[in-house]
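Quick notes on the structure that follows.
The model shown is predicted, which means the values in this text are computed figures rather than measured ones.
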Amino acid sequence: MLISAPTDFRKAARRKLPPFLFHYIDGGAYAEHTMRRNQADLSQVALRQRILRNVSGLDTSATVLGQKFSFPAALGPVGLTGMYARRGEVQAARAAARKGIPFTLSTVSVCPIEEVQSKSPAPIWFQLYVLKDRGFMRNVLERARDAGVTTLVFTVDMPTPGARYRDVHSGMSGPYAAARRIAQAVLHPEWAWDVGLRGTPHDLGNISTYRGHPTKLEDYIGWLARISIRRSAGRIWNGSGLSGKDQC
């Protein structure tokens with residue numbers, strides 16, 4: 001389909017992606033009241049029209065956190081981007097670099113920090129879920145630092161995982177979820193070939209590196225549920241080095 005407006009991307013995603021992936025990226029937690037309120041609030045934001053101005057030398061650049069970008073915006077973290085497009089996090093980071101804006105890698109990305117940063121022409125940002133597994137916190141922060149990540153974006157809105165009602169219906173979770181996802185992939189051959197076959201591995205790269213073995217979505221949900229109620233000792237990166245216990 002032809003893309004002529006930002007709203008067309010949602011329609012294109014619905015057509016291309018298997019339902020379990022479309023509804024995961026399109027949906028929110030519980031009955032999605034907060035998501036709808038956020039959308040309504042953003043729709044009320046309007047640009048101020050200014051006329052009879054000299055527009056021969058427009059400059060949209062801005063300095064954010066000590067870095068100059070071509071536009072005061074950033075690509076926010078999106079979980080499982082590597083499932084929507086082949087090695088999607090790498091593609092998004094490269095696209096952001098070409099446009100001169102920052103890209104933020106999600107904690108629950110398919111591609112690990114090292115892969116994305118090594119293939120991006122510019123330093124990336126990293127979104128960090130503040131979790132109680134201090135071993136994971138230390139591991140991922142050290143790896144981000146060593147890879148050359150310049151900025152951390154802390155996510156503090158998920159002390160426990162939210163229930164995503166839509167995912168049970170779509171096949172992302174719930175009874176016979178794996179079989180339902182396979183059936184959906186068969187009905188979307190373009191995605192199955194480009195992402196399903198050519199975009200492997202399909203695990204959560206940052207968590208897999210820490211745990212030492214591939215971590216699928218089902219494994220992550222169980223691991224996250226366990227560390228949401230149980231603490232482990234460790235230290236975290238404070239920007240200049242590693243210090244202190246249980247600082248999250």
What is the distance from atom [atom1] of [X] to atom [atom2] of [Y], rounded to the nearest 0.5 Å?
X	Y	atom1	atom2	answer
Ser118	Ile113	OG	CD1	11.5 Å
Leu197	His202	CG	NE2	8.0 Å
Arg180	Ile182	CZ	CD1	12.5 Å
Leu105	Leu75	CG	CG	11.5 Å
Tyr129	Phe136	OH	CZ	10.5 Å
Ser61	Lys68	OG	NZ	4.0 Å

Discussion item. Could you go through Phe126 and Leu128, starting from their C-alpha distance and side-chain angles, then the distance that decides it, and tell me whether this counts as side-chain contact (heavy atoms from CB on, under 4.5 Å)?
Written reply: CA-CA 6 Å; Phe126 180 65; Leu128 180 69; 3.8 Å; yes
Membership question, hydrophobic clusters at under 4.5 Å side-chain separation (ILVMFWY): are [Y] and [X] in the same one?
X	Y	answer
Phe9	Phe22	no
Ile124	Phe71	yes
Val108	Phe154	yes
Leu80	Val153	no

Consider only side-chain N and O atoms of [X] and [Y], and report whether a donor and an acceptor are under 3.5 Å apart.
X	Y	result
Thr104	Trp125	no
Thr107	Asn206	no
Ser4	Asp8	yes
Ser109	Glu89	no

Looking at [X] and [Y], what are the two nearest heavy atoms and their distance?
X	Y	result
Pro72	Ala62	CB-CB, 3.8 Å
Gly79	Ser106	CA-OG, 3.7 Å
Trp191	Ala185	CZ3-CB, 3.7 Å
Ser170	Pro19	CB-O, 3.9 Å
Phe20	Gly171	CB-C, 3.9 Å
Pro112	Arg143	CB-NH2, 4.1 Å

Quick check against the 3.5 Å criterion: does [X] have a side-chain atom that pairs as donor or acceptor with the backbone of [Y]?
X	Y	result
Glu32	Gly28	yes
Glu115	Val110	no
Arg181	Met172	yes
Ser120	Val116	no
Arg86	Val195	no
Gln127	Val78	no

Item to complete: Go through the structure and list residues passing salt bridge (charged side-chain N to carboxylate O under 4.0 Å, His left out) with Asp167, not counting sequence neighbours.
Response: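 So Asp167 forms a salt bridge (charged side-chain N to carboxylate O under 4.0 Å, His left out) with Arg164.
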Discussion item. Using side-chain contact (heavy atoms from CB on, under 4.5 Å), reason through Thr81 and Gln91 one step at a time and then give a plain yes or no.
Written reply: CA-CA 9 Å; Thr81 299; Gln91 291 194 50; over 6 Å; no
Fill in: side-chain contact (heavy atoms from CB on, under 4.5 Å) between Asp146 and Glu114, intermediate numbers included
CA-CA 9 Å; Asp146 293 344; Glu114 294 83 358; over 6 Å; no
Item to complete: Just do the salt bridge (charged side-chain N to carboxylate O under 4.0 Å, His left out) check on Arg166 and Asp26 with the steps written out, would you?
Response: CA-CA 10 Å; Arg166 204 194 295 200; Asp26 188 61; 2.8 Å; yes
Worksheet item: Do other residues, nucleotides or ligands put more than 12 heavy atoms under 6.0 Å from the CD atom of Glu190?
Response: no
Worksheet item: If you count the non-hydrogen atoms of other residues, nucleotides and ligands that lie under 6.0 Å from CZ in Arg36, is the total more than 12?
Response: yes
Discussion item. Any heavy-atom pair between the side chains of Arg94 and Pro121 that's under 4.5 Å?
Written reply: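 Yes - at least one pair of side-chain heavy atoms lies under 4.5 Å apart.
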Worksheet entry | Note, Tyr30 side chain near Met35 side chain (heavy atom, < 4.5 Å) | no
Item to complete: Please identify each residue that fulfils side-chain contact (heavy atoms from CB on, under 4.5 Å) with His169, with sequence neighbours left out.
Response: none
Practice prompt. Test Leu17 against Tyr24 for side-chain contact (heavy atoms from CB on, under 4.5 Å), laying out the working first.
Written response: CA-CA 10 Å; Leu17 297 175; Tyr24 181 77; over 6 Å; no
Fill in: Lys216 bridged to Asp203 by N-O distance under 4.0 Å
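Asp203 and Lys216: not salt-bridged.
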